[in-house]
Amino acid sequence: MPDVQTQQQQKITIRLPDGSERTHPTGATGYDVAEDIGAGLARDALAVKVNGEVRDLQRPIEEDADLEVLTWDDAEGKMVFWHSSAHLLAEALEALYGDVKFGVGPPIEDGFYYDVDFSDSGRDAPSSEDDLAEIEEKMQELAARDVPYEREPVSKDEAMRYFTEKGAPYKQELIEELEDGTITFYRQGEFTDLCRGPHLPSTGAITYPKLLSMAGAYWRGDEDRAQLTRIYGVSFPKKKLLDEHLEMLEKARERDHRKLGRELELFTFSETVGAGLPMWLPKGTTLRETLEGFLQQEQLERGYEPVVTPHIGRLDLYRTSGHYPYYRDSQFPPILEGEDEDGEEQGYLLKPMNCPHHVMIYKNKLHSYRDLPVRLAEFGTVYRHEQSGELGGLTRVRGFTQDDAHVFCTPEQVKAEFKDVIDLTLKVLDALDFDAFEAQLSFRDPDEAEKYVGGAEKWDAAEDAIREAAAEMGLVAQEEVGEAAFYGPKLDFMVQDALGRAWQLGTVQLDYNLPERFDLEYVGADDERHRPVMIHRAPFGSLERFIGVLIEHCGGDFPLWLAPEQVRILPVGDDFHDYARRVQATLREKDLRATVDDSDATVGYKIREAETQKVPVMLVVGGREEEAQTVAVRRHGSGEQDTQPLDDFAEALAEEVEAQMRGS
RNA sequence: GCUGGUGUAGCUCAAUCGGCAGAGCAGCGCUCUUGUAAAGCGCAGGCUGGGGGUUCGAGUCCCUUCACCAGCUCCA
């Protein structure tokens, strides 16, 4: 029996997120603490966070600590749940497929995966839905045993011995890179895995696993190494959560811009025209040109000057810029005309970027420091031969139009120009009600100075200027070291599509390289020649990708000012077609895009059609309306109707469009 | 580019073991002349992505090619 004194020393103090403190014996587990707080919490607890480190619930706590109990409602709680699910998947695969070699199996944002090599297993790698269902069933069966996940610290030698005996080359490679003393195994039932953890107390919680898809994935992300089969899944503690998740995936598919683009007749692709070459249908073109007009107006107000350049340029242009042949793999093959007297290939290249052309416009005349900044803007279409497996919808294409502009300025003007572009980009995103974006600053890796053009002082000054510009504009931006292009630091705006994939939209990039290569100059106040700095910027990025993401963002319900068809007039019968046309003319006078449905369908049918095609405003007109010179207004998505005098309505609607474009 | 999957009418999908390619919607024609989410009848619509092979016979099996989908790699 220990004396009182020792017992005192064996107490630890646990501080909870709300600031309250509890005393527990040394070696109490996270589960003990959760249970002490409440039985409900203990039941829901998945893991604990001890002094900022996520740990197993049943791991003893040896000293005073800040502690947070993690449940399904915490992102980190879900991660533990899914990580444990990945181990369960591995165990199921081993049970069903025998000698499989495991790569890594981490949790991800919305589920988990495991990379597996099936080449030595007794049967073919899983490929069908049925195979996945079989694995799922096995997982459920294994989970039902409700065995604990046991943590076991091992030495590097022990770890290596275990996986060598097992014949697990990928695991051996992972162990080689770990430091002795930091290695742990986790074991559930018959299955042991190299793993940092943490994990759930036991398998029983994973009652609803769902395997979603399979795909190849290179070992360690290196395309020169073996390709493993990656199995993606997700899992839930309750059926309701699984159902909700599947429903959410279904809804995401409904928002997919490829589906909506076809249904709303915005754009199309043709195998005969070529992969990744979108064709804009009349409605999509209207949408696109409305966006272009909006941006162009903004840019004119900010001192941008419009330019237009051709879609091709001589190879020499791209030799000077460095695009040819350096990026040859991602360019369409050049149009060759033969060799010059020096044996150099001559010909033309479809332009992969607009900048070389804009640079030549800058060089058209000698610029004074008084001219700067020179801002040349063009909706410039470029062509890049993206890898075939990369193409998809409008988000990754081979021919696309950038809302491109190049700013030529002095180093001192960089910060102000960045601020203006940030302001413009935020204004554009705001007008489109786009709030779910992230900003990323990409800086150089100072340890690899040789990878970048321009001296360290230049880069430091530029990175400071950009960082300050973002801060002064109230833009929260993540800084990524080593992500800069070789020619300069940049600021990107990232968004996610309906399926949660991240895409880069807007970009602002500083460039030290092209001014050098093209020997750009301006005459300073000192009457000497100086080198300007160049900024590439595109608030939308590419119109194709931007519109693709925009479609998914609003689910095809475009704001009134952007809707290709803003108003559809629905006469109740033939006798009212004339009045319908008069209504249309009145709206068109106000620059509103209005059509008349003069088919012989019933009113109910016409309404259904207009609703399905997401036309924002429907006007039903018949005898009553013609008599009183009114329209019966119905808005998309709302069954309500409201009769208004025609002229008042046209006026009000035009004002609504105006207000939206002003961003209010 | 890589791994896996999928290609049937404009769209969404059927077609048992290899045995006559089918439906709904859309389209067109006729009837109806309509009052807030699908009127009725009829007609037409296909080289089953392309090419090759196996077979008495291929949408179905094999090879090849193209496109699309998921992921990986790449993304000036």
Side-chain angles (χ1 to χ4, degrees), chain A residues 108 113 115 117-118 124-129 131-132 212-232 253 256 258-259 262-263 265 268-276 318 321-324 326-331 351-356 382 384-393 395-396 485-488 490 499 501 503-504 507 509 511 513-514 536 542 545 570-577 599-613 618-625 632-643:
Chain A
I108 51 176
Y113 66 79
D115 284 346
D117 183 341
F118 288 94
D124 289 341
S127 58
S128 66
E129 298 265 322
D131 293 337
L132 288 184
L212 298 167
S213 62
M214 279 159 303
Y218 300 106
W219 170 238
R220 318 219 87 176
D222 183 344
E223 62 180 320
D224 293 327
R225 305 198 60 180
Q227 193 163 35
L228 311 181
T229 302
R230 177 170 295 178
I231 300 180
Y232 284 91
R253 276 192 283 274
D256 192 314
R258 292 166 293 198
K259 179 175 157 71
R262 184 169 55 238
E263 289 172 357
E265 297 182 9
T268 188
F269 289 89
S270 154
E271 203 175 317
T272 312
V273 170
Y318 297 103
S321 71
H323 292 123
Y324 184 86
Y326 188 61
Y327 292 106
R328 187 162 206 156
D329 286 349
S330 45
Q331 291 163 356
K351 69 177 175 187
M353 301 196 87
N354 299 302
C355 27
V382 297
R384 300 181 189 177
H385 196 266
E386 303 287 358
Q387 293 185 18
S388 56
E390 253 319 314
L391 301 173
T395 43
R396 197 72 185 268
F486 74 90
Y487 53 78
K490 59 177 182 167
L499 299 174
R501 295 174 291 205
W503 297 99
Q504 179 197 305
T507 184
Q509 310 186 359
D511 188 343
N513 182 43
L514 286 184
H536 310 253
S542 102
R545 179 178 292 179
L570 315 175
V572 301
D574 293 358
D575 294 347
F576 311 107
H577 285 187
S599 68
D600 59 1
T602 59
V603 174
Y605 187 85
K606 290 179 180 181
I607 289 194
R608 185 185 152 80
E609 283 284 285
E611 288 283 0
T612 308
Q613 288 167 36
M618 288 150 276
L619 300 178
V620 178
V621 296
R624 296 200 290 272
E625 287 75 20
V633 185
R634 175 185 169 120
R635 293 271 181 160
H636 171 61
S638 130
E640 292 166 33
Q641 12 176 337
D642 173 30
T643 299

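Labels below follow one simple rule: chain letters A, B, ... track the order of the sequence lines, proteins then strands, and each chain is numbered from 1.
- Among the atoms of the strands shown, none is found under 4.0 Å from any heavy atom of Ala125(A).
- In this structure, U16(B) forms no base pair with any nucleotide, since neither Watson-Crick nor G-U wobble geometry is met with both distances under 3.5 Å.
- Residue pairs meeting the salt bridge (charged side-chain N to carboxylate O under 4.0 Å, His left out) criterion with at least one partner in residues 599-611 of chain A, sequence neighbours excluded, are Glu611(A)-Arg634(A).
- Between the C1' atom of G71(B) and the CH2 atom of Trp219(A) lies a distance of 17 Å, rounded to the nearest Å.
- Nucleotides G24(B) and A9(B), compared at atom C1', are 12 Å apart to the nearest Å.
- Between the base of G71(B) and the side chain of Tyr218(A) there is no donor-acceptor pair shorter than 3.5 Å.
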| field | Verdict with reasoning, Arg258(A) to Asp256(A), per salt bridge (charged side-chain N to carboxylate O under 4.0 Å, His left out) | value | CA-CA 5 Å; Arg258(A) 292 166 293 198; Asp256(A) 192 314; 2.6 Å; yes
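- Within a 6.0 Å radius of CZ in Phe486(A), more than 12 heavy atoms belonging to other residues, nucleotides or ligands are found.
- Here the separation of A76(B) from U3(B), taken at their P atoms, is 25 Å to the nearest Å.
- Here, U12(B) and G5(B) have their P atoms 22 Å apart, quoted to the whole Å.
- Listed here is the closest heavy atom pair of Ser321(A) and Asn513(A): O-ND2, 4.3 Å.
- Between Ile231(A) and Pro126(A) the shortest heavy-atom distance is CD1-CG, 4.0 Å.
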Using nucleotides 25-29 of chain B, report all nitrogen or oxygen pairs with the protein that are shorter than 3.5 Å.
unit_1	atom_1	unit_2	atom_2	d
A26(B)	OP1	Tyr605(A)	OH	2.6

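- For Asp600(A) against U33(B), no side-chain N or O and base N or O form a donor-acceptor pair under 3.5 Å.
- Looking at heavy-atom distances under 4.0 Å, Glu640(A) makes no contact with the nucleic acid at all.
- A pairwise comparison of heavy atoms in Leu391(A) and Ala275(A) identifies CD1-CB, 3.7 Å as the closest pair.
- Looking at heavy atoms from C-beta onward, Val620(A) lies out of side-chain contact with Gln641(A) at the 4.5 angstrom threshold.
- With a cut-off of 3.5 Å on both Watson-Crick or G-U wobble distances, the partner of U6(B) is given as A67(B).
- Base pairing annotation: G45(B) forms no Watson-Crick or G-U wobble pair, as no partner gives both donor-acceptor distances under 3.5 Å.
- Judged by distance alone, the side chain of Glu625(A) and the main-chain N or O of Gly622(A) form a donor-acceptor pair under 3.5 Å.
- Across all strands shown, C74(B) has no partner, as no Watson-Crick or G-U wobble contact with both distances under 3.5 Å is found.
- Side-chain atoms of Arg545(A) and Arg396(A), non-hydrogen and from C-beta on, do get closer than 4.5 Å to each other.
- Note: CZ (Arg225(A)) to C1' (U3(B)) measures 17 Å, nearest angstrom.
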Distances under 3.5 Å between nitrogen or oxygen atoms of protein and nucleotides 8-12 of chain B:
unit_1	atom_1	unit_2	atom_2	d
U12(B)	OP1	Arg262(A)	NH2	3.1

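- Rounded to whole Å, the separation between the C1' atoms of A14(B) and U8(B) comes to 10 Å.
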What does the list of N/O pairs under 3.5 Å between the protein and nucleotides 43-51 of chain B look like, with a distance for each?
none

| Do Leu570(A) and Val621(A) pass the side-chain contact (heavy atoms from CB on, under 4.5 Å) test, and can you show the C-alpha distance, the side-chain angles, and the key distance before you say yes or no? | CA-CA 6 Å; Leu570(A) 315 175; Val621(A) 296; over 6 Å; no
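- Remark: the separation of the P atoms in G19(B) and U65(B) is 29 Å, to the nearest Å.
- Atom C1' of nucleotide G5(B) and atom CG of Leu212(A) are separated by 15 Å, given to the nearest angstrom.
- A37(B) atom C1' lies 6 Å from atom CZ of Arg608(A), rounded to whole Å.
- A donor-acceptor distance shorter than 3.5 angstrom exists from the side chain of Arg384(A) to the backbone of Pro352(A), with no hydrogens or angles considered.
- When the P atom of U33(B) is taken as reference, atom NE2 of His577(A) falls 14 Å away, rounded to whole Å.
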| request: Could you go through the side-chain contact (heavy atoms from CB on, under 4.5 Å) check for Leu514(A) and His536(A) one step at a time? | output: CA-CA 11 Å; Leu514(A) 286 184; His536(A) 310 253; 4.1 Å; yes
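- Each of Ser599(A) and Thr602(A) has a nearest nucleotide on RNA chain B; the 5'-most of these lies closest to Ser599(A).
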Any N/O pairs under 3.5 Å between the protein and nucleotides 74-76 of chain B? List them or say none.
unit_1	atom_1	unit_2	atom_2	d
C74(B)	O2	Arg396(A)	NH2	3.4
C75(B)	O2	Arg396(A)	NH1	3.2
C75(B)	O2	Arg396(A)	NH2	2.9
A76(B)	O4'	Tyr327(A)	OH	3.1
A76(B)	O3'	Tyr487(A)	OH	2.4
A76(B)	N6	Ser330(A)	O	3.1
A76(B)	N6	Ser330(A)	OG	3.2

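- Here the C1' atom of nucleotide G35(B) and the CG atom of Leu619(A) are 14 Å apart, to the nearest Å.
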Show the distances under 3.5 angstrom between N or O atoms of the protein and N or O atoms of nucleotides 68-70 of chain B.
unit_1	atom_1	unit_2	atom_2	d
C69(B)	OP1	Arg258(A)	NH1	3.1
A70(B)	OP1	Arg258(A)	NH1	3.3
A70(B)	OP1	Arg258(A)	NH2	2.8
A70(B)	OP1	Arg501(A)	NH1	3.1
A70(B)	OP1	Arg501(A)	NH2	3.3
A70(B)	OP2	Arg258(A)	NH1	3.2

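- In terms of heavy-atom proximity, Met618(A) sits nearest to Ile607(A) at SD-O, 4.2 Å.
- When all heavy atoms of Ala125(A) and Asp131(A) are compared, the pair lying nearest together is O-OD2, 4.4 Å.
- Annotation: side chain of Leu228(A) is not in contact with side chain of Tyr218(A) (no heavy-atom distance under 4.5 Å).
- Although no hydrogens or angles enter the test, the distance criterion places no donor-acceptor pair under 3.5 Å between the side chain of Thr507(A) and the main chain of Gln504(A).
- Under the 3.5 Å distance criterion, the side-chain polar atoms of Gln331(A) are matched with a main-chain donor or acceptor of His323(A).
- Here Val620(A) lies in heavy-atom contact (under 4.0 Å) with a base.
- Annotation: A44(B) and G29(B) have their C1' atoms spaced 10 Å apart (nearest Å).
- Taking every heavy atom of both residues into account, Phe576(A) and Gly623(A) meet most closely at CE2-N, 3.3 Å.
- Rounded to whole Å, the distance from CG on Asp224(A) to C1' on G1(B) is 12 Å.
- The same atom, P, is picked in G27(B) and in C69(B); the two are 27 Å apart, to the nearest Å.
- Using a 4.0 Å heavy-atom criterion, one finds that Arg230(A) contacts the sugar-phosphate atoms exclusively.
- Going from the C1' atom of A26(B) to that of G45(B) covers 11 Å, rounded to whole Å.
- Base orientation for C63(B): anti, the chi torsion being more than 90° from 0.
- One can place CG of Leu570(A) at 11 Å from P of A37(B), the figure rounded to the nearest angstrom.
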